[in-house]
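For reference, the structure discussed in these notes is given below.
When reading the values below, keep in mind they use all heavy atoms of this one structure, side chains included, and skip hydrogens, waters and symmetry mates. Each chain gets a letter, A, B and so on, in the order its sequence line appears, and its residues count up from 1.
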Amino acid sequence: MITAERKPLEELIEYVRPFKRILLVGCNECVTVCSAGGRKEVGLLASGLKMALLQSGTTIEIREHTLERQCDPEYIDELLPMIDGVDAVMSMACGCGVQEVARRYKDKPVFPALNTKFMGASERQGVWAERCQGCGNCLLGMTGGICPIARCSKRLMNGPCGGSVTGKCEISKDVDCAWQLIWDRLKALGLEDQYLKIIPAKDWRPAGGGGPRKIIREDLAA
Amino acid sequence: MMENFEPVIVAFCCHYCAYTAADMAGSQRLEYSPNVKIIRVPCSGKVDAIHIIKAFEKGADGVYVAGCLDGDCHFKNGNNRASRRVEYVQKYLDEIGIGSERLEMVKMSAGMGYLFAQIAIDMTEKIRKLGPSPVRPLAMQASQPIAC
Amino acid sequence: MVEIQNMNGVQGHNKVLVIGGGLGGIRTALDLAEAEKDVILVDKAYAIGGLMTQLDRTFPTNNCDLCTLSPNLSESGRKQHIELLTMTSVKGVRGDKGNFTVSLETAPRYINLDKCTACGECHKHFPECVRFTPGLDHRAPTCMRYPQAIPQSFSVDLEKCSDINALIKVCPAGAISPDDIGRKFEIQCGSIVLSAGAALFDPSGLDYLGYSVEPDVVTNLEYERIMSASGPTMGQLVRPSNGKQPKKVAWIQCVGSRGLQKGAASYCSSACCMIALKEAIVTKERFQDDIETTIFYMDMRTFGKDYELYLERAKNKHGVRLIRSRPHSILRDDNQDGLRLSYTTDDTSEMKNEDFDMVVLSTGFKIADDVRELSLKMGLTLNPSGFAVTEEFSPVETSRPGIYVCGMMESPKDIPETMAQASAAACMAGKDLKVSLKDPDGDLPPERDVTDEALRIGVFICDCGENIGGVLDVLEIAEYSKSLPNVVVAEPQGHGCSRQSIEQIQKSIVENGLNRVVIGGCSPRTHEAKFQEAIRKAGLNKYLVEIANIRDQATWVHAHLPEKATRKAKDLMRMAVGAVAESHPLKDHSLPINKDVLVVGGGVTGMTTALRLADQGFKVYIAEKTNSLGGMAKNIHTTLSGSEVRPFVDNLIEQTKAHANIQVITRAIIVDHSGMPGMFKTGMQVGPQMFYRTIQHGVTILATGALANRPKQYLLGESEAVGTQLETDTLLADNPETVKSWDNVVMIQCVGSRIPENPNCSRICCQAAIKNALQIRKLNPETRIFVLYRDMRTYGFQEEYYLEARKQGVIFVRYSLDHLPQVQAVGKQVEVTFTDPILGRAITVTADRLCLSTGLIADEDSTEDLARIFKLPRTQDGFFLEDHVKLRPVDLPVPGFYVAGTAHSPKTIRESVTQAQAVASRAQLLLARDAINLGAAVARVDSTKCAACLICVRACPFDVPFINADGYSEIDPAKCHGCGLCASECPAKAIQLMQFEDDRIVAKLEQLFERMVA
Amino acid sequence: MKTESHLEKVLVSGNLAVTSECGPPRGCLPDHVREKGGYLRGVVDAINVTDNQTAMVRMSSLAASVLLKQEGLNPLYQMVTRDRNRLAMQADIIGAYSLGIDTMLCLSGDHTQFGDHPMAANVHDLDSIQLIQMVKAMRDEGKFQGGADIKGPPKMFIGAAANPFADPFELRVLRLAKKVAAGADFIQTQCIFNVDKFEKWMEQVRRRGLHKQVYILAGVTPMKSVGAARYMKNKVPGMDVPQDLVDRMGSVPKEKQPEEGITICIETIDRLKKIEGIAGFHIMAIDWEEKVKEIVDRAGLLPRPQV
């Protein structure tokens, strides 16, 4: 899923300060799952913004609405009955949602409430960790199912640097050395030889080096 | 303003310990500040961050969540989850400008009527010293005056 | 009535006759009825309730009795297993255990109970012939015996009625029937419980106390009535002589007890010290420094659980004066307003005088003549004072098999002990009756569908006597509530939990088409179920009620700020009204019950409980920490009355081991616990290998006992001459020759008890000292024995042994905490130095033996662990804390848990057995059911909002939520514990906890802040 | 001979090679480079010029290498993949070769988090092994990575680093093998204090025959003080300083500690000389270049061979 975190309130206050009425839009997908932009966070942010602004004498009306998904136009249409009554929209979706709402409602300023972080997984309750950078050319088949691009601090594709100590990355004791993980797993699978193959220099075009990416399923595309 | 200030404090009390302790304070006739208003919840872990934030939005000057002692939660660990949630909301209150010191997590056993009363008194005095919540007078403008 | 043949064929008459509708009788009847056993409850009065209904408040909670008792009374009124026969007396008992035939006689009431609505019209027009039992017979009437009387009806005294036809006409219900001639009839039963209660000593004959001539000299019961909100003065404390508030009130203890006066009983009445303290505290609470309170006493006998703390509170917090003395006379000088009390104290021979406005005589309890007569008629053996003689180790079993007693009939005692004994009697009397199951909800009206109705809220405010009404104006709160949105009715309801009020509320629901109800009263913890049931009977879903706790949270805790209490009460009412508007009809969930029992502790208490339940067919596990059964009783040899303990304990062990339904697990350490009443799972490490096993059971009984205290004091453990009373008891049994050689013995009481580090009284030590003193004298009548004491607490019949010891020349010398005895080792002996308060100088005795009365302390290690594992509260000194110290002494606050014996507080073997039997009875209430109601407070998922994020799955402490085949979170209501953690963590707000929905909580917040209080 | 590199010549001749390093200054101070290089004249066979060492901005290693070259010294041009993408790296490589630089060391570089620009992006378009591959292809095939022919390919003597002490230990030799397979001609190892552990590593290296495919220069560092010893032991990732060495440093008075450090370093070289497969030494005397001569001398490695 895509993970995100709420931006500091201070930043959000400045976005909405000029407006009398805003629409705060949550998304019931990824950002709900990572507790950043679901119905509950929408409620918390609306209250927080109102109270923060009240202290400088500003009253703001905040309408709350949470969409099933903010990255699909049909869902975004749901906002239509609400949009005219507001001066601006703040989206609690990932960057995709923010842009899609902005694209749909061209005459309303749209602000992001979240910082979109990464594609990750829940390690446990309340902890999400990066797993994929969407490089467009998956290496996992060669690296024991653990991605060195997303999980090695240096994106090293051919083994650990000299900073790997007791399974941890040199940048922090809290970060696992991806190559230790890869190696442990290859060993466990009896695939040590896999390591000796040199992974050649990567073609970064599918990773976005080739400009904004797009997938077209011709059979489906309208 | 400050001399006449009577804070309004919301106490979310878990049924099994804190609310029972409040009843105990009652049956022992332990006097405490009338400023504290109790809302009963089955477990302190039931207290949603939204409930706390809404309490401030509506005009509370202080809020505390009262649960069972560590290890005594009727629901295993609800009180500890409540503690962590309170810490999280405290940070948010700092962001909002209300201040984390207006929110507290307290723990007591069902038999601690005296502690319930003492906490109610202490919290009231603490909030009295802090003065009205920075959003309270404004919340009042928005609606009607609040009496304690 | 179909007679059901009992399983073991002992009884043919499958019901229990309970004689006496006082507190004890009611408890016995309720216990039996809730265990699905049929009961006939007879009382010669025309309403049940007994003595307690006349008390203003009870110790140590200082609650008003009516509001704690009345739910019990209305319970008993409605119980379909209970046939209530009032104005009925027992004329004779034939037959044997299991097959009694009892002749009864019902006096004419002249009012048809089925028709009477207790409207009071008859009494209003014909007060002279409509009967009441006044609290103060010779002074002022009340209109009914007490406001929540059951049956809710009057009775007519035909002899005093001059115009019967006019009386008949005045009754709007047509209930008056002058042709009533009463009836004589016979009933059959399998066992009988006699709970006839006690009468009070009549002090009229004691002219030096002035009771019959001075109106301002009253008995303690009369004082209760004067203080009571339902009493003759409507709760105004005034002097009967002039109607003015007294400034100084004195209490005189032991009137009619302890053989002090002419005609007085030889025993101690056990409860009067606490009653006097309570009356003094309540007086001080109400009037503070306006009234001075003084208690004249000989020994302050606050021996019950935490009672010593109550005494300290009276002295230190409320400033009640306590004067150890012997009162001489109460006289009024002709030209004086007040009463002059003359008394002597034990530190001076001089007579002292002090003037008071009112004097309260703490009159003791006695057995009324008619009760004595009845008991004899029933063939019971009585002691010289008329109390039923019972088995030493089964205190409710009388000399006649099948007949049991409880409460005052057995010995003078207070309410908690009466309650325990009443349950014990229920256990014993019901043990051979066959269980017949009935559907408890069979006759409920259909539930009204309120979903599409506009809100119509009814608000009912309790005054709870002085408890609420004494601090704020209930009417004002009602008026205020009426102004709130959607409120269509708002009215005061007196004691809202009384039967009368409940009926009015139900009537109002129907008449006004109410669909939501708010009660302004006490704690939902104790009364929510009652009001839920009440509205359910009026056709509403039971979850459409909200209780505002304006008593515990306003009037009780802001009594000195009535204005603020009023405003807070309004806030609470507004919050409740707002919240109830958000309430929705809910459905209860239930699960089948596991009927096995876990008893923790294999001492006398644990084994007794286990045997009683096993006899009823329940499978019982006894988990014993040590490697053998028997507990502390194995170390005790004789009781105060001289009975041998060992054969009793050995017999118990034998029976326990042999019982097919009991499994004993020794060396068992409880390590974990989960589940809920009716389906517990407890893990323990067992045996020398500590292997782990779990037991599934429906109820848990804690009989873990206590420890003998051994404080490092007075050379205990250092000198051979020094030992505890327990060790002395062993020496007496095993080495009588050694004991014979003692010339001087000194005993020190309260060692390690009643001190700041351990403020409570150990209860058993005074009788233990007397027991050992008498035994020593028996072996060697020449031995000089000194007992150094602070208060001799030989309550009940123990007092007679105390008098015997004094008679035999045992020397009792009082000491105080300021002048503790000094002990020095001199060779094999010890020198004990103490101050004689009469001589006022130090005395030194060279003793061959120093016996320390060290009492019992809680087993801190095990109670702490168990309290943590089972989530149970404890008192500050480490004993388990019961649910209600007054009315539910063996029920723990966590449903499905019970406590008995010394794990509850120090007590004798006999008292432990009582509690063990009581617990067996209480546990059966739960075990009699086939399913447990899980309530409706469960989490519910709105799948349209669910993001299937798994946060609830991970948050749940009990692993209940799961993602179902449709891809949404699902929560099994039968497994949900209702904590609400999932609801509070759900990021999609897809989960709501029923009864505590966000809307309901936010409505409370909104109401608290949004509207201005007038 | 693959290149004109002086280092290669020394190694091919069978002599134990000696290299040392020179960290470029954090400013436009060419004299500073020259001064440091001066200490090493005639003492070592090549001078490593670090590339934004420890992720701190310094004079570019290319420029500093050129400064040394102008002094007649033999620079060993270090390049990390952290700061440049493959275009920039290839451009710099042909630029460097054009300025007479024929020896280089391919590294991934310290993470920016450790330096004074933690906010900077870590480029890592390539990793160090891919860089080796690329340099080798430029040299041997005369092709840019994009496939185009290089007019005048750079004939670089290619070095790589190895850390025998980092984890996972068993991967350390395999990684060396990968570097060799990618085209590394020589290896400079991380500082060796734990000779025992290094021997184990070398044993595995020999088992795989890697010592015959690549020249291994053992890295050594003289410790200046017990504080420095402790710091390296505890704070530097992938560094293995045995406790007894720290104790030994601490057992002498503070003023004698530098001398003790040098002695330890020389003893280490003496032990390493005996290990089969060691082709030389890389002496990292950080900000202590003036002492390199003493070490090389006392280790019996002077004079340097003329090849």
Side-chain angles (χ1 to χ4, degrees), chain B residues 6 8 10 12 15-17 19-20 22-43 45-51 54-55 57-60 68 71-78 81-82 85 109-111 117 120 136 139-140 143-148, chain C residues 61-63 285 522-526 549 551-561 564-565 567-568 570-572 575 674 867-868 871 873-876 881 893-894 937 955 957-958 977-981 983-986 989 993 995-996 998 1001-1002 1004-1006 1008-1014:
Chain B
E6 283 297 341
V8 184
V10 176
F12 291 101
H15 177 89
Y16 287 92
C17 289
Y19 194 89
T20 310
D23 278 358
M24 185 74 91
S27 56
Q28 294 176 343
R29 311 296 194 278
L30 302 172
E31 305 234 344
Y32 57 83
S33 332
N35 310 56
V36 171
K37 322 285 165 160
I38 295 172
I39 292 182
R40 183 170 65 115
V41 285
C43 174
K46 165 73 182 82
V47 181
D48 197 318
I50 287 199
H51 301 153
K54 286 279 177 205
E57 189 185 334
K58 302 292 174 196
C68 307
D72 279 355
C73 177
H74 184 78
F75 301 105
K76 293 187 183 176
N77 63 346
R81 296 193 85 96
R85 198 172 304 142
S109 76
R136 185 194 185 198
M140 283 201 291
S143 59
Q144 285 166 327
I146 294 159
C148 152
Chain C
T61 52
N62 290 4
N63 276 345
E285 275 179 345
C522 60
S523 177
R525 282 178 52 251
T526 52
N549 191 350
R551 185 187 73 181
D552 301 46
Q553 291 171 19
T555 57
W556 269 2
V557 289
H558 315 309
H560 296 114
L561 303 167
K564 290 193 168 176
R567 288 163 79 180
K568 182 166 174 182
K570 289 179 181 175
D571 289 342
L572 296 177
M575 291 163 77
S674 61
R868 183 177 44 77
K871 315 246 180 282
R874 294 186 302 156
T875 59
Q876 268 166 6
L881 179 61
V894 180
F958 307 100
H977 290 228
C979 66
L981 261 180
S984 64
E985 299 207 353
C986 173
K989 290 271 106 216
L993 181 69
Q995 282 189 272
F996 296 94
D998 287 332
I1001 287 172
V1002 172
K1004 283 189 183 177
L1005 290 170
E1006 266 169 5
L1008 173 57
F1009 294 104
E1010 276 194 1
R1011 283 175 46 133
M1012 199 182 84
V1013 176

Between S984(C) and V47(B), is there a donor-acceptor pair closer than 3.5 Å when you use the side chain of the first and the backbone of the second? no

Within the distance-only criterion (no hydrogens, no angle test), does the side chain of H558(C) pair as donor or acceptor with the backbone N or O of Y32(B) below 3.5 angstrom? yes

Cut-off 4.5 Å, heavy atoms of chain C, and the answer for C17(B) is neither

I'd like to know if the side chain of K568(C) reaches the main chain of V36(B), judged simply by a donor and an acceptor atom lying under 3.5 Å from each other, with no hydrogens or angles considered. yes

Chain C contact via A120(B) - side chain, backbone, both or neither, heavy atoms under 4.5 Å: neither

Do you know which of L572(C), I1001(C), V1002(C) has the most heavy-atom pairs under 4.5 Å to chain B? I1001(C)

How far apart are the closest heavy atoms of D23(B) and R525(C), and which atoms are they? OD2-NH1, 2.7 Å

Minimum heavy-atom distance L981(C)-G45(B), with the two atoms named: CD2-O, 3.4 Å

Contact class of A937(C) relative to chain B, heavy atoms under 4.5 angstrom: neither

Could you tell me which portion of I38(B) (side chain, backbone, both or neither) has an atom closer than 4.5 angstrom to a non-hydrogen atom of chain C? both

If we ignore hydrogens and angles and just use 3.5 Å, is the side chain of K46(B) paired with the main-chain N or O of C979(C) as donor and acceptor? no

Which portion of S33(B) sits near chain C, non-hydrogen atoms under 4.5 angstrom: backbone

Checking F12(B) against chain C: side chain, backbone, both or neither under 4.5 Å from a heavy atom? side chain

Atom pair CZ (R85(B)) and CD (E985(C)), whose distance is rounded to the nearest 0.5 Å: 4.5 Å

Using a 4.5 Å cut-off on heavy atoms from C-beta on, say whether the side chain of S27(B) contacts that of D552(C). no

Highest number of heavy-atom pairs under 4.5 Å with chain B: which of M575(C), K989(C), R874(C), K871(C)? K871(C)

Could you grab the distance from atom NE2 of H560(C) to atom CD of E31(B), nearest 0.5 Å is fine? 5.0 Å

On a heavy-atom basis, the closest approach of F75(B) and H977(C) is CE2-O, 3.3 Å

Check whether V10(B) gets within reach of chain C through its side chain, its backbone, both or neither, counting any heavy atom under 4.5 Å. side chain

Can you find a heavy atom in the side chain of K54(B) that is under 4.5 Å from one in the side chain of E1006(C)? no

Under a 4.5 Å cutoff for heavy-atom pairs, which residue among V894(C), V557(C), N549(C) has the most contacts with chain B? V557(C)

Between P42(B), S109(B), A25(B), the one whose heavy-atom pairs under 4.5 Å with chain C are most numerous: P42(B)

Taking every heavy atom of D48(B) against every heavy atom of A983(C), the minimum-distance pair comes out as OD2-O, 3.9 Å

Proximal component of Q876(C), with respect to chain B [non-hydrogen, under 4.5 Å]: side chain

Measuring from atom CG of L1008(C) to atom NZ of K37(B), what distance do you get when rounded to the nearest 0.5 angstrom? 6.0 Å

With a 4.5 Å limit on heavy-atom distance, are the side chains of P893(C) and T20(B) in contact? no

Just so I know, are the side chains of L1005(C) and I39(B) near enough to count as touching, which here means a heavy-atom distance under 4.5 Å? yes

So, the part of R40(B) with a heavy atom under 4.5 Å from chain C: the answer is both

Side chains of P524(C) and Y19(B): closer than 4.5 Å at any heavy-atom pair? yes

